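None of these values were measured; they are calculated from a predicted model.
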Amino acid sequence: MKKMIVFSLLCLSVLVSACDSGMASYWMDNPTNEPITVYIDEQAFEIPANTKIAVDLEFGKHQLKYKDQTVNFHNGGRVNQSQAMINPTQSNYIFYKQIFMDKSDARSTDEFFEWTLKTQSDSLRFVVNDTLMTLFVPFQVSNKVFISKTDFDWKYNVDEPLPQTVDLSNPMVTRRNRQLLDDPNYQAGRFQETVYKIYREQDFINFIQEVSEDKIAFVQEKIPYADLPKVKLTLTKDKEIKDEAYRKEIDNQVIAFEQWLDMKGSKSTKGFKDFFFSQKISKLRSQYLEEHPEDYSFNQATNELNEQLNVFMLYQLNIIE
């Protein structure tokens with residue numbers, strides 16, 4: 001028993017130190033048929049053809065260089081458990097949804113399958129047999145430089161095959177979803193599940209050709225690095241705050257955010273916690289309404305600020321100026 005306790009404490013220590021290391025891990029992929037060289041800051045990454053590699057990056061600002069293009073990005077200040085990939089070649093990746101059903105279950109009807117397929121499909125423009133079409137299909141396409149599981153929640157990576165079958169087990173009941181215990185479908189057991197896999201473009205075309213003679217091609221626009229949309233604060237509502245002292249508080253928040261952007265490593269981690277989880281703005285909102293009961297300008301300004309900051313809560317890899 002003592003050994004088990006010591007081992008558990010050791011694991012906890014490793015987890016804590018990893019979270020406070022000031023670094024996060026990603027993977028960078030080269031789906032082309034030729035080796036490529038990518039630079040992040042001054043470090044060169046040689047990536048063989050059709051290969052993905054692991055990349056560890058210190059929190060803070062970085063610059064990505066590929067061929068004659070460069071882009072600046074920021075990788076947050078916290079360990080994000082959700083995977084994220086770096087796509088320097090801006091290649092197409094396909095996020096395919098596979099529906100698995102227990103055919104022996106009476107609920108597994110053709111009508112249910114068609115309904116599920118319809119509700120989980122997305123409208124997509126692509127070429128089918130040399131004809132440009134817009135169809136509802138169970139997959140999405142992205143060629144972003146930074147692709148996050150926040151947007152595409154894949155379970156199987158580019159080098160993991162899509163399984164033929166999956167285990168259909170009911171979700172774990174927690175305090176948040178305990179109402180499932182009264183759900184007849186939960187009581188009857190799970191009979192279907194949708195899983196997601198990320199494919200390189202050619203791998204997906206090969207996958208389609210196994211079941212169809214149709215030839216498909218994607219028409220995603222490849223935006224130059226210099227023209228990629230950037231995350232930045234562009235506030236307008238702050239100018240409408242009538243109380244100058246509170247307007248100054250918004251200016252101070254912007255300054256604090258810019259200071260955090262310049263932090264590196266563990267300082268960025270601490271700065272993230274101090275800035276993004278601060279209760280200062282919430283308290284100021286309450287104070288403002290007490291002092292100006294009919295004036296919602298400060299609330300509107302802080303809503304705008306929070307909305308623009310929220311991207312740094314959702315995504316860890318963000319393109320910046």
Verify same cluster id: [X], [Y] (apolar side-chain graph, 4.5 Å):
{"X": "M313", "Y": "V311", "value": "yes"}
{"X": "L57", "Y": "I47", "value": "yes"}
{"X": "F152", "Y": "V158", "value": "yes"}

Any donor-acceptor N or O pair under 3.5 Å, side chains N303, R285: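 Yes.
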Side chains of S148 and Q316, donor plus acceptor under 3.5 Å: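 No pair is found: no donor N or O on one side chain lies under 3.5 Å from an acceptor on the other.
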H62/N72 under side-chain contact (heavy atoms from CB on, under 4.5 Å): CA gap, chis, key distance, verdict: CA-CA 6 Å; H62 299 279; N72 297 320; over 6 Å; no
Atom [atom1] in [X], atom [atom2] in [Y]: separation rounded to 0.5 Å?
{"X": "N30", "Y": "T37", "atom1": "CG", "atom2": "OG1", "result": "9.5 Å"}
{"X": "I319", "Y": "K144", "atom1": "CD1", "atom2": "NZ", "result": "9.0 Å"}
{"X": "N87", "Y": "K52", "atom1": "CG", "atom2": "NZ", "result": "14.0 Å"}
{"X": "I320", "Y": "F73", "atom1": "CD1", "atom2": "CZ", "result": "9.0 Å"}
{"X": "I241", "Y": "T302", "atom1": "CD1", "atom2": "OG1", "result": "7.5 Å"}
{"X": "K242", "Y": "D295", "atom1": "NZ", "atom2": "CG", "result": "5.0 Å"}

Result of checking Q308, E307, Q300 against E304 for side-chain contact (heavy atoms from CB on, under 4.5 Å):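 The residue from Q308, E307, Q300 that satisfies side-chain contact (heavy atoms from CB on, under 4.5 Å) with E304 turns out to be Q308.
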For atom [atom1] of [X], is the number of surrounding heavy atoms from other residues, nucleotides or ligands below 6.0 Å larger than 12?
{"X": "K267", "atom1": "NZ", "value": "no"}
{"X": "D214", "atom1": "CG", "value": "yes"}
{"X": "Q179", "atom1": "CD", "value": "yes"}
{"X": "K237", "atom1": "NZ", "value": "no"}
{"X": "D56", "atom1": "CG", "value": "yes"}
{"X": "K230", "atom1": "NZ", "value": "yes"}
{"X": "K239", "atom1": "NZ", "value": "yes"}
{"X": "K270", "atom1": "NZ", "value": "no"}

Pair E160-K155, salt bridge (charged side-chain N to carboxylate O under 4.0 Å, His left out): steps then yes or no: CA-CA 9 Å; E160 296 176 307; K155 183 175 183 180; over 6 Å; no
So that I can tick it off, tell me whether [Y] and [X] are bridged by a salt bridge, with the cut-off set at under 4.0 angstrom between side-chain N and carboxylate O.
{"X": "E240", "Y": "R247", "result": "no"}
{"X": "K232", "Y": "E321", "result": "yes"}
{"X": "K97", "Y": "D122", "result": "yes"}

side-chain contact (heavy atoms from CB on, under 4.5 Å) assessment of T51 paired with M28: CA-CA 9 Å; T51 300; M28 185 156 51; over 6 Å; no
Steps toward side-chain contact (heavy atoms from CB on, under 4.5 Å) verdict (F59, K264): CA-CA 5 Å; F59 292 136; K264 303 287 284 188; over 6 Å; no
Side-chain contact, heavy-atom cut-off 4.5 Å: [X] with [Y]?
{"X": "D151", "Y": "S142", "result": "no"}
{"X": "L309", "Y": "F275", "result": "yes"}
{"X": "W260", "Y": "D274", "result": "no"}
{"X": "S121", "Y": "K118", "result": "no"}
{"X": "L135", "Y": "V137", "result": "yes"}
{"X": "E249", "Y": "D243", "result": "no"}
{"X": "M85", "Y": "Y93", "result": "yes"}
{"X": "L305", "Y": "Q253", "result": "yes"}

Test of ring centre spacing under 6.0 Å for [X] and [Y]:
{"X": "Y96", "Y": "W154", "answer": "no"}
{"X": "F207", "Y": "Y199", "answer": "yes"}
{"X": "F312", "Y": "F257", "answer": "yes"}
{"X": "F139", "Y": "F204", "answer": "yes"}
{"X": "F95", "Y": "Y196", "answer": "no"}

Worked check of salt bridge (charged side-chain N to carboxylate O under 4.0 Å, His left out) between R200 and D29: CA-CA 9 Å; R200 295 175 178 136; D29 193 47; 2.6 Å; yes
